[in-house]
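Just below is one structure, and these are the notes that go with it.
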Amino acid sequence: MERYNFLKIEKKWQENKSAINVRNNNSKNKYYCLEMFPYPSGKIHMGHVRNYTIGDVVARYKYLNGFNVLHPMGWDAFGLPAENASKTNNLHPKKWTNENIKTMKKQLKMLGLSIDWDREISTCDKDYYKHQQELFIDFYNQGLVSRKETYVNWDPVENSVLANEQVINGRGWRSNALVERKKLSQWFFNISKFSNELLKDLETLDGWPDKVKLMQKNWIGKSLGCEINFEIDKNGKKICVFTTRPDTIFGASFIALSPDHDLSKNFLNDKKFLAFKDECNKTGTTEEALANADKLGFETHLFVKHPFIKNKKLPIYFANFVLMDYGTGAIFGCPAHDQRDFEFAKKYNLEIIKVVNDGSNDNDLKEAFLGAGKIINSDFLNNLDINSAKKKIINEVESKKLGKSKTLFRLKDWGISRQRYWGCPIPMIHLDDGSIVPVEKDELPVQLPENVDLNITGNPLEKHPTWKNTTQKSTGKAAIRETDTLDTFVDSSWYFLRFCSPNNKSEPFDLKEVKYWMPVDQYIGGIEHAILHLLYSRFFTKGIKKCNKQFTLSEPFKNLFTQGMVCHESYKDGNGNWLYPSEIEKIDNKTIVKKSDKTKVLVGPPESMSKSKKNTIDPEVMIDQFGADAVRWFILSDSPPEKDVQWTDAGVVSANKFLQKVWNLNHLISARKEKGVDESTEKKFELELNNFIFQIDNSIKSFKFNVSIAHFYELHKFFKDNLEMQISNKLLNLNLIKMMKLMMPFTPHLAHECLELLGCKKVYEWPEIDKNKISDKIKVAIQVNGKTRDIITVKKNLIEKEIRKIVLDQPKVKKYIEDKKIIKTIYVKNKILNYIIAGK
RNA sequence: GCCCUCGUGGUGAAAUUGGUAGACACAAAGGACUUAAAAUCCUUGCCCUUUUGGGAGUGCCAGUUCGAGUCUGGCCGAGGGCACCA
């Protein structure tokens, strides 16, 4: 028997188009299976292998079950690394990107994925971004794009603006540089216009993990409250305040304004105020800074009238903890029931009035009381609970025209301007009269210039000598192009629509195709995109719906699966330098040394693979060494796909061994001599096999691929055990074909090869459970006082009387009951029979 | 600080969703085959017992139940999200 030559066989099936095809135009049912497309950074990594293997199992499984499956792949090809690489290697971003795409495409093909490469798209391709510019203009015309002067998160290393979401703990998500505040005029998508819809429609996403929905819900951050106007006693001007706790209005003891609040204009000549504002800006945005920041205030010596307490005045402060971009940039402070206000009041000796009963008579609070209780010290609100008090006070506020109830969202508009070269140009032009208008659609695409100097600081497009000079087509007026490019998250916010008709020249997508394929039936990707990418894609879908009456889709992704990361141990030498796994050597179970000089190596715990820790494993090396099927097999076998998995060499070795055994099994069966036939043995064999089909099918459906794989190990052993039994070769062959079909989604190369050897004609169909060969027996656990004492195999669906007759004859059970009195029996059909007996 | 998730052998994990805990795999120990190695196969896995067998046992403490890894409450630990959001 030949050893399984995976190199030869995998290549053979990768070149066979029908082996990677999952389209079935005759099918009535469509299935759109999509994995998040990769950034072409150079080579694929194990995270990609896991992501795309999971997707491939789903796509192939659905295809085998008769679906017409769309399983495309593309490239999220714009982005900063290309520019950085071009600086270090003197390679144009386009060239660098396209070379990476070539390499990674070759690698993905080596994995044997069932991808429809005819639909490949790349976001840096002008045929793609042309349509993105069209969509941008559509959005602009619908009022979903705006230009605002705002403070932005400025990344001093990337020389670019970052979205809030790209700032992690006050640092740039890619550069890790401390982010600064800078005022700039920027383009925005008005995602906040959809706050309510984005929140509400989460409820329709039954196929999404609750965790992701919750993260989005918190991100959108809806809060119900009300706006209240306070009158400044000196000049009658109003200060509008937002609060979610209007019920505590009688506990108000001050007003606090953001240092950027309109009223600050009156203090711009006040040196003390300017110093205070400087101090606030300096605090920074880092986590530690915010956590430790003292509450700082600046006393204005102005007062407002309390709207419900005659003759009561509240002092106005500017305070560092009030944000301009949430609510109205102004609050009323109620120290007794808000921790920040409490700290502020303590520092500046302001009144602390308890208005919610905390159950103690102590008036000297140690901290703010945030719990529930009856309202006190509050005139007409007294004795109400918090919620009724809110309702009553809002009514009062509205009827007295002091303000109105208001719902606020934490979600802010999406800043999309980037001062970078390698991105989609924003299709807007600036005219001499100061107006900014869209490029006319027949002028699209606004193409990136090829000759560009990336070795200058600042925006390369702005510094380009000629590119930005243009004319407005319809008027012939001179114009300057917008030199900002779009955030790359825009590129990935609609690519799933483009895949439906990737070659459409005139439109972003063909409506008919979108109607057929969308929504994506199964979307698969990393949890790190739980908020950004998924929220933006949802926004885009709703935005397009608003622009196009015939586009009726509200949500792009019907089912979402977020896979875990791939981890590996890390290694450090004696000098604290990280080492690649290929640089170390295992002497025995305890000693690991550096290959080069045999010095001892420190082993770190398994962590997500990252280049900085060098704990990466190159998928291509693994594929060369063990085969794509073995790599696919192992990455699915060890952990459930939503959890992190630890890559181990031993694991992939054993995967390879097992696949070899499956290969051997095929040959053992084809070389097998007939052992005679026993009808009942054959029947038992078929019953068991049906059971395996059921279990494997079930575990695939519920994304428990590790469990499927466990069943394959059992199934293999099951075949081996039955080789000596009185079962005909014909029956063994028939069922081996079933097993190989079951393996097709996991190890397509091996499965194809074996099915060919077995002479299988109809390869692409999922084995069905033979309903005539389902066992009518079932195992029932027999318990005494809740403890299992025996397990008996009986006919299904026996009634209690029948089963008791059988059980009382069993010696194992008799022993426990003896002459003791049976108080009660509990019988759960096909599961357990439990005797409750007196005494112990 | 607020919100969420998860704690099962030496390790990764199963458990038909309240009914045989530890399937399957890795690692380990012992054994078979072999001149030897590789490859392959088998056995073992906490405590008591020579065995048959029995007992304890799913982070800790309590509760509900005939029966709890699964449900409830409290505690401890790990991970994730948000964070001066009024």
Side-chain angles (χ1 to χ4, degrees), chain A residues 3 169 209-212 214-219 221-223 225 241-246 248 256 258 283 285 287 289-291 293-296 319-323 325-334 337-341 343-344 367 370 408-412 527-528 530-531 567 589 606 634 637-640 643-646 648-655 657-658 660-661 664 694-695 698-699 704 706-717 720 779-791 812 815 823-828 830-837:
Chain A
R3 270 192 79 78
N169 290 340
D210 290 336
K211 186 180 162 183
V212 174
L214 189 71
M215 278 163 77
Q216 292 216 356
K217 188 181 166 205
N218 292 339
W219 188 265
K222 183 176 181 172
S223 44
V241 150
F242 175 77
T243 179
T244 55
R245 291 295 303 275
T248 63
S258 157
T283 315
T285 47
E287 189 183 351
L290 287 175
D294 252 350
K295 301 288 172 284
L296 287 180
N320 64 341
F321 64 92
V322 182
L323 305 174
D325 54 3
Y326 186 78
T328 59
I331 61 155
F332 77 73
C334 175
H337 305 291
D338 182 289
Q339 189 56 29
R340 290 154 306 179
D341 299 348
E343 286 167 33
F344 193 79
E367 54 180 12
L370 307 174
L408 225 56
F409 293 91
R410 205 190 75 103
L411 182 66
K412 296 192 190 87
I527 185 77
E528 66 273 20
I531 297 171
C567 299
N589 214 20
F634 171 63
S637 70
D638 241 29
S639 298
K643 283 179 74 173
D644 288 354
V645 65
Q646 194 191 344
T648 62
D649 288 348
V652 73
V653 167
S654 90
K657 278 182 193 167
F658 177 71
Q660 177 68 47
K661 283 194 221 170
N664 294 348
F694 175 76
Q695 306 224 49
N698 253 345
S699 53
K704 292 176 182 173
N706 55 327
V707 178
S708 319
I709 284 178
H711 289 311
F712 280 118
Y713 280 101
E714 289 177 292
L715 182 53
H716 168 262
K717 188 167 183 297
K720 286 277 290 233
K779 281 179 182 171
V780 174
I782 309 304
Q783 303 181 332
V784 178
N785 284 348
K787 281 195 176 160
T788 302
R789 296 302 178 184
D790 199 7
I791 293 149
K812 279 185 185 172
K815 192 171 97 185
I823 301 168
K824 190 175 167 187
T825 57
I826 291 138
Y827 178 55
V828 181
N830 299 333
K831 279 189 176 161
I832 59 128
L833 175 68
N834 188 7
Y835 289 102
I836 311 305
I837 56 169

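Labels below follow one simple rule: chain letters A, B, ... track the order of the sequence lines, proteins then strands, and each chain is numbered from 1. All values below were derived from every heavy atom in this structure, side-chain atoms included, with hydrogens, water molecules and symmetry-related copies excluded.
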Between [X] ([atom1]) and [N] ([atom2]), how many Å, whole number?
X: A:Gln339; N: B:rA86; atom1: CD; atom2: C1'; result: 13 Å
X: A:Lys217; N: B:rG81; atom1: NZ; atom2: C1'; result: 14 Å
X: A:Gln646; N: B:rA27; atom1: CD; atom2: P; result: 13 Å
X: A:Ile832; N: B:rU16; atom1: CD1; atom2: C1'; result: 15 Å
X: A:Leu833; N: B:rU20; atom1: CG; atom2: P; result: 14 Å
X: A:Asn218; N: B:rG80; atom1: CG; atom2: P; result: 17 Å
X: A:Ile527; N: B:rC82; atom1: CD1; atom2: P; result: 11 Å
X: A:Gln216; N: B:rC4; atom1: CD; atom2: P; result: 18 Å

Quick check: do [X] and [Y] have side-chain heavy atoms less than 4.5 Å from each other?
X: A:Leu323; Y: A:Phe321; value: no
X: A:Val780; Y: A:Lys831; value: no
X: A:Asn698; Y: A:Gln695; value: no
X: A:Tyr827; Y: A:Ile832; value: no
X: A:Phe694; Y: A:Ser699; value: no

Please state the [atom1] separation for the pair [N] and [M] - nearest whole angstrom.
N: B:rC60; M: B:rG9; atom1: P; answer: 10 Å
N: B:rC66; M: B:rG18; atom1: C1'; answer: 12 Å
N: B:rG55; M: B:rC6; atom1: P; answer: 33 Å
N: B:rA15; M: B:rC71; atom1: P; answer: 14 Å
N: B:rG45; M: B:rU40; atom1: P; answer: 24 Å
N: B:rU16; M: B:rG69; atom1: P; answer: 13 Å
N: B:rU44; M: B:rG7; atom1: P; answer: 29 Å
N: B:rA86; M: B:rG80; atom1: P; answer: 25 Å

[X] near the nucleic acid: base, sugar-phosphate alone, or nothing, with a heavy-atom cut-off under 4.0 Å?
X: A:Thr648; value: nothing
X: A:Val241; value: nothing
X: A:Ile826; value: base
X: A:Ser637; value: nothing
X: A:Val828; value: base

Given [options], the nucleotide with the shortest approach to the side chain of [X]:
X: A:Trp219; options: B:rA86, B:rC82, B:rC66; value: B:rC82
X: A:Tyr713; options: B:rC24, B:rA86, B:rC41; value: B:rC24
X: A:Asp638; options: B:rG12, B:rU20, B:rA86; value: B:rG12
X: A:Tyr326; options: B:rC3, B:rA86, B:rC82; value: B:rA86
X: A:Lys779; options: B:rA86, B:rU20, B:rA13; value: B:rU20
X: A:Ala650; options: B:rC66, B:rA27, B:rC84; value: B:rA27
X: A:Glu714; options: B:rA15, B:rA23, B:rA86; value: B:rA23
X: A:Pro640; options: B:rA86, B:rG19, B:rA13; value: B:rA13
X: A:Lys661; options: B:rG19, B:rC41, B:rA86; value: B:rC41
X: A:Asn706; options: B:rC66, B:rC84, B:rA14; value: B:rA14

Phosphate OP1/OP2 of [N]: any [X] side-chain N/O under 4.0 Å:
X: A:Lys824; N: B:rC66; answer: yes
X: A:Lys657; N: B:rA25; answer: no
X: A:Ser223; N: B:rA86; answer: yes
X: A:Lys643; N: B:rG79; answer: no
X: A:Arg410; N: B:rA83; answer: yes
X: A:Ser639; N: B:rA13; answer: yes

Worksheet item: Does any nucleotide pair with B:rG18 by Watson-Crick or G-U wobble geometry, both distances under 3.5 Å, and what is it?
Response: none
Worksheet, complete the sentence: Scanning all shown strands, the Watson-Crick or wobble mate of B:rG7 with both distances under 3.5 Å is B:rC76
Worksheet entry | Side-chain donor/acceptor of A:Gln783 to base of B:rG19, under 3.5 Å | yes
Worksheet item: RNA chain B: A:Phe332 or A:His716, which has the more 5' nearest nucleotide?
Response: A:His716
Response to the item:
Between A:Asp644 and A:Asn834, whichever has its closest RNA chain B nucleotide further toward 5' is A:Asp644
Worksheet item: Considering the options A:Asp338, A:Thr243, A:Val322, which one meets the side chain to side chain contact (heavy atoms under 4.5 Å, CB included) requirement together with A:Ile331?
Response: A:Val322
Worksheet, complete the sentence: The glycosidic conformation of B:rG67, counting syn as within 90° of 0 and anti otherwise, is anti
Worksheet, complete the sentence: B:rU70 glycosidic conformation (syn if within 90° of 0, otherwise anti) is anti
Worksheet entry | A:Tyr713 and A:Phe658 aromatic ring geometry - parallel, tilted or perpendicular at 30°/60° bounds | tilted
Response to the item:
Interatomic distance, NZ@A:Lys661 vs NZ@A:Lys717, rounded to 0.5 Å, equals 10.5 Å
Worksheet entry | Criterion side chain to side chain contact (heavy atoms under 4.5 Å, CB included) on A:Asn706 and A:Lys704, from CA distance to verdict | CA-CA 5 Å; A:Asn706 55 327; A:Lys704 292 176 182 173; 4.1 Å; yes
